[in-house]
Structures are given as structure tokens and as C-alpha cells.
Peer 1: 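Here it is, the structure, as C-alpha cells.
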Amino acid sequence: MSTSSITHRVEVPIDQPLDLPLTLESGQAFRWHEVDGVWSGFIAGGLVTLERLDGGLAVECSTDAAPGISDAVHRYFRMDDDLPAIYEHLSKDERLTDVIQQHWGLRILRQDPWECLIAFICSQNSNIPRIAQMQESLANELGETVTMGDIKRMAFPTPDVLASAGEDVLRKLALGYRAKYVAKTAEIVASGGLTPHALRDKSYEDAKAELMALPGVGAKVADCVLLFALDKLEAVPIDRWVRRAFEEWYLDGEELPYNELLAWAHKTFGANAGYAQQYLFFRRRQGQG
DNA sequence: CCACGGCCTGATTC
DNA sequence: AGAATCAGGCCGT
């Protein structure tokens with residue numbers, strides 16, 4: 001257990017659109033908790049709280065993490081993505097123009113690749129509340145306790161810990177048949193067979209191929225990790241919602257295989273295809289046309 | 001390469 | 001009420 005009674009507070013200025021609840025509850029990340037407008041979660045492995053201020057964020061972290069916390073927050077929220085410019089690029093489409101207005105400040109995150117990988121292996125054939133519950137169970141049962149002031153959270157378990165827990169323990173945490181995938185993937189990562197964060201330095205195609213070699217990782221899960229953790233904004237996770245959005249709204253109802261939809265999205269939305277996906281996903285899930 | 005059934009679980013629907 | 005159905009898919013045949 002790591003405890004620090006002395007915490008560091010800093011105000012991080014932000015000159016980019018950022019809607020905290022939209023971004024943190026958009027189904028990219030599953031472990032942010034909000035109480036009275038204060039969000040607790042982990043950034044760069046450390047427990048932090050975030051609170052939206054005019055012009056920035058109030059951030060609390062441990063004194064250990066304090067020196068780099070401003071940079072870490074900027075990296076986590078991808079503040080280098082010029083959202084207004086991306087909006088302008090995507091707004092050639094009236095439907096996207098509308099959904100951008102409705103979800104101004106919804107950003108793609110740059111998450112921890114290991115945690116993100118496990119979360120999206122767990123996401124298959126499930127739903128957001130249950131994915132969140134599975135991640136919380138993994139942390140509560142197998143993670144390290146971290147406290148900061150009166151905030152107490154469990155860190156996400158390391159590959160070593162998940163690997164040694166094994167399938168049976170993971171099944172007891174209600175992962176279902178995903179337990180085997182998580183256990184095997186954890187073994188591979190723990191033994192050095194794959195280094196999740198190292199995939200950032202590879203091309204989209206190479207990184208995707210490595211991810212898809214893991215058990216429980218297909219094209220959709222791989223694209224989620226590539227987009228939400230590995231800096232690949234050209235990744236377009238095509239779930240049933242996005243598929244319906246593409247096919248019904250843009251392709252006159254034509255049904256296409258995953259890779260053809262992906263190629264179409266790249267041709268249509270270019271380098272910002274990942275952002276287009278995130279906004280259309282929202283609109284489609286809300287049942288809007 | 002594509003089609004299909006099976007899979008854990010929990011909430012919702014019928 | 002208890003049984004189907006569905007939920008941000010993947011794997012094996």
C-alpha cells in the first residue's frame with residue numbers, strides 16, 4: 001500500500017475544448033469516478049483527481065508524481081490534437097457538424113496501453129456498465145491500494161499479477177469466457193512476448209497485426225487499443241453502432257466487411273477518421289438519425 | 001476468404 | 001414469473 005498524506009495541487013491551463021464527463025464516460029476509459037464534480041482516476045500510473053476550472057484543470061496528485069504531472073495530463077488528454085481544426089475538417093458533413101456541436105470537447109484519450117488492452121478484451125459481447133464493473137473487480141481484487149488524502153482507489157493490476165492469478169480466479173471475477181483471453185494475454189505480456197507501449201513506435205498496420213495475434217483480440221478490439229492508447233488516430237473501431245452509422249447514413253444500406261468499411265472511413269474522413277468514429281458512435285447510440 | 005454457432009454474465013423484455 | 005434476448009466480438013469449424 002502506498003500512502004501519501006501530503007498531496008500536490010496544480011492548475012493546468014488548457015486552451016483546447018475539453019468536456020470532462022463526456023470524455024471520461026464516453027466508453028474509452030472505464031475507471032473514472034466522479035463525486036461533486038471531482039474525478040478520481042489514474043494517469044501515468046499515479047492516482048489523481050481532476051476538477052474542471054475556467055481555462056484549465058485543477059489537478060491533485062502525490063508529491064512523487066508532481067514534477068511531471070502537467071505534462072502527463074496534457075498527454076493523457078491529447079492536448080496536442082487541435083480539436084477546432086479537426087472539427088472544421090470533419091464539418092463538411094452536416095450530420096457530423098450537428099454531433100460535434102452537441103458533443104463539443106469530447107476528446108480521444110491517450111491511455112495506458114496495458115490497461116486499455118485488457119479493458120477492450122473484456123468489452124466483447126458486453127456493455128459499458130459491465131465492462132466498468134469487470135475492470136473495477138480486477139483492480140479491487142488484484143490491484144495495489146493507493147490513497148491520496150481521503151481518496152482511496154486500487155491501481156490496475158500489472159501483467160505479472162494477472163498472469164499468476166490465472167483463468168479460474170478471473171472467472172470468479174465474472175469475466176466469463178474472456179477470463180481465458182485475459183489470462184493468456186497477461187502471460188504473453190508478463191513474459192516479454194509483447195510490450196504494449198512499444199507498439200506506439202510501430203506503424204498502424206504492424207501494431208495492429210501484433211495485437212491481433214493475442215488471444216481475444218480481433219480487428220475491433222485492436223482498433224480500440226490503437227486509437228485510445230497507441231496514438232493511431234487512423235484507427236476506426238467498427239462496432240455494431242458504428243457499422244450501422246456508416247452503412248445506413250453514408251452507404252445507402254450496403255453491408256460491407258470490416259476492412260472495407262475501414263478503407264471507406266479512411267478515404268472519407270482521412271487522418272481524423274478516429275475522431276469521426278467517436279462522434280458518430282455517440283450519435284448512433286443515442287438513436288439519432 | 002466468408003458463414004455460422006457457441007460462449008459467460010447480468011439487465012431487460014416478453 | 002421464467003424464458004428469451006441483447007450487449008461496443010472472437011474463435012473454431
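Every value quoted in this text rests on a predicted model; they were computed, and no experiment measured them.
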Peer 1: So that I know where these two stand, are A/Tyr87 and A/Tyr279 an aromatic pair - ring centroids less than 6.0 Å apart?
Peer 2: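 Yes, they do, as the ring centres are separated by less than 6.0 Å.
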Peer 1: Regarding A/Ile121, tell me which of base, sugar-phosphate or nothing describes its non-hydrogen contacts under 4.0 Å with the strands shown.
Peer 2: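 Result for A/Ile121 = nothing.
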Peer 1: Which whole-number value in Å describes the distance from A/Ile128 CD1 to B/dG10 P?
Peer 2: 18 Å
Peer 1: Which of the following nucleotides, C/dC10, B/dC8, C/dG8, is nearest to the side chain of A/Arg171?
Peer 2: B/dC8
Peer 1: Of all the choices, C/dA7, B/dC8, C/dC10, which nucleotide is nearest to the side chain of A/Gln124 once you look at every atom?
Peer 2: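 Between C/dA7, B/dC8, C/dC10, the one nearest the side chain of A/Gln124 would be C/dC10.
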Peer 1: Please tell me which of the listed nucleotides, B/dC8, C/dC10, C/dG8, lies nearest to the side chain of A/Tyr181?
Peer 2: C/dC10
Peer 1: Pick the nucleotide of DNA chain B nearest each of A/Asn127 and A/Glu260; which residue has the one closer to the 5' end?
Peer 2: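 Going by which nucleotide is closer to the 5' end, it is A/Glu260.
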Peer 1: Using the P atoms only, state how far C/dT5 lies from B/dG5, rounded to an integer number of Å.
Peer 2: 13 Å
Peer 1: Indicate, with a heavy-atom threshold strictly under 4.0 Å, whether A/Val242 touches base, sugar-phosphate, or nothing.
Peer 2: nothing
Peer 1: Can you tell me the Watson-Crick or wobble partner of B/dC8, both distances under 3.5 angstrom?
Peer 2: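 Base-paired to nothing in any strand shown.
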Peer 1: How many whole angstroms separate atom CZ of A/Phe228 from atom P of C/dG8?
Peer 2: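 Taking atom P of C/dG8 as the reference, CZ of A/Phe228 is at 13 Å.
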Peer 1: Can you tell me how far C1' of B/dC8 sits from CD of A/Gln133, to the nearest Å?
Peer 2: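 The distance from CD of A/Gln133 to C1' of B/dC8 comes to 12 Å, rounded to the nearest Å.
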Peer 1: Nearest-Å distance, CE (A/Met134) to C1' (C/dG8)?
Peer 2: 11 Å
Peer 1: Under 3.5 Å for both donor-acceptor distances, Watson-Crick or wobble: does C/dG8 have a partner, and if so which one?
Peer 2: none
Peer 1: Picking from A/Val242, A/Asn272, A/Leu262, what satisfies side chain to side chain contact (heavy atoms under 4.5 Å, CB included) with A/Gln277?
Peer 2: A/Val242
Peer 1: Expressed as a whole number of angstroms, how long is the span from A/Leu214:CG to C/dG9:P?
Peer 2: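 Interatomic distance, CG of A/Leu214 to P of C/dG9: 19 Å.
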Peer 1: When the P atoms of B/dC4 and C/dG8 are considered, how many whole Å apart are they?
Peer 2: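 The same atom, P, in both gives a distance of 23 Å.
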Peer 1: Using a strict 4.0 Å threshold on nitrogen-to-oxygen distance, state whether A/Arg153 and A/Glu136 make a salt bridge.
Peer 2: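 A salt bridge is present here (some side-chain N lies under 4.0 Å from a carboxylate O).
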Peer 1: Kindly say whether, by distance alone, the side chain of A/Lys220 makes a donor-acceptor pair under 3.5 Å with the base of C/dG8?
Peer 2: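 Check passes, donor-acceptor contact within cut-off.
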Peer 1: Using whole Å, report how far CZ of A/Phe120 lies from P of C/dC10.
Peer 2: 12 Å
Peer 1: Over all strands shown, is A/Gly218 touching base, sugar-phosphate only, or nothing at heavy-atom distances under 4.0 angstrom?
Peer 2: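 A/Gly218: backbone/sugar contact only, no base atoms under 4.0 Å.
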Peer 1: Can you tell me, in whole Å, how much space there is between the P of C/dA4 and that of B/dG6?
Peer 2: 14 Å
Peer 1: Any chance you could measure A/Asp93, atom CG, to A/Thr268, atom OG1, to the nearest 0.5 Å?
Peer 2: 9.5 Å
Peer 1: Looking at C/dC6, does its base get a donor-acceptor pair with the side chain of A/Arg240 below 3.5 Å?
Peer 2: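 Checked by distance alone, the answer is no.
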Peer 1: What is the distance from CG of A/Asp168 to C1' of B/dC8, rounded to the nearest Å?
Peer 2: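 Those two atoms, CG and C1', are 14 Å apart.
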Peer 1: Could you tell me whether A/Asp231 and A/Arg78 have a side-chain N and a carboxylate O separated by less than 4.0 Å?
Peer 2: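 Looking at A/Arg78 together with A/Asp231, the answer is yes, because their closest N to O distance falls below 4.0 Å.
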Peer 1: For the residue pair A/Gln16 and A/Arg107, confirm or rule out a side-chain donor-acceptor distance under 3.5 Å.
Peer 2: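 Short answer, yes.
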Peer 1: Looking at the side chain of A/Val221, which of B/dG10, C/dG8, C/dC10 is the nearest nucleotide?
Peer 2: C/dC10
Peer 1: NA contact type, A/Ala179, heavy-atom cut-off 4.0 Å: base, sugar-phosphate, or nothing?
Peer 2: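 Here A/Ala179 touches no strand at all.
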Peer 1: Rounded to the nearest Å, what distance is computed from the CG atom of residue A/Asp239 to the P atom of nucleotide C/dA7?
Peer 2: 11 Å
Peer 1: Between B/dG10 and C/dC11, how far apart are the C1' atoms? Round to whole Å, please.
Peer 2: 23 Å
Peer 1: A/Cys224 or A/Met212: which one's nearest nucleotide on DNA chain C is closer to the 5' end?
Peer 2: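 In this pair, the answer is A/Cys224.
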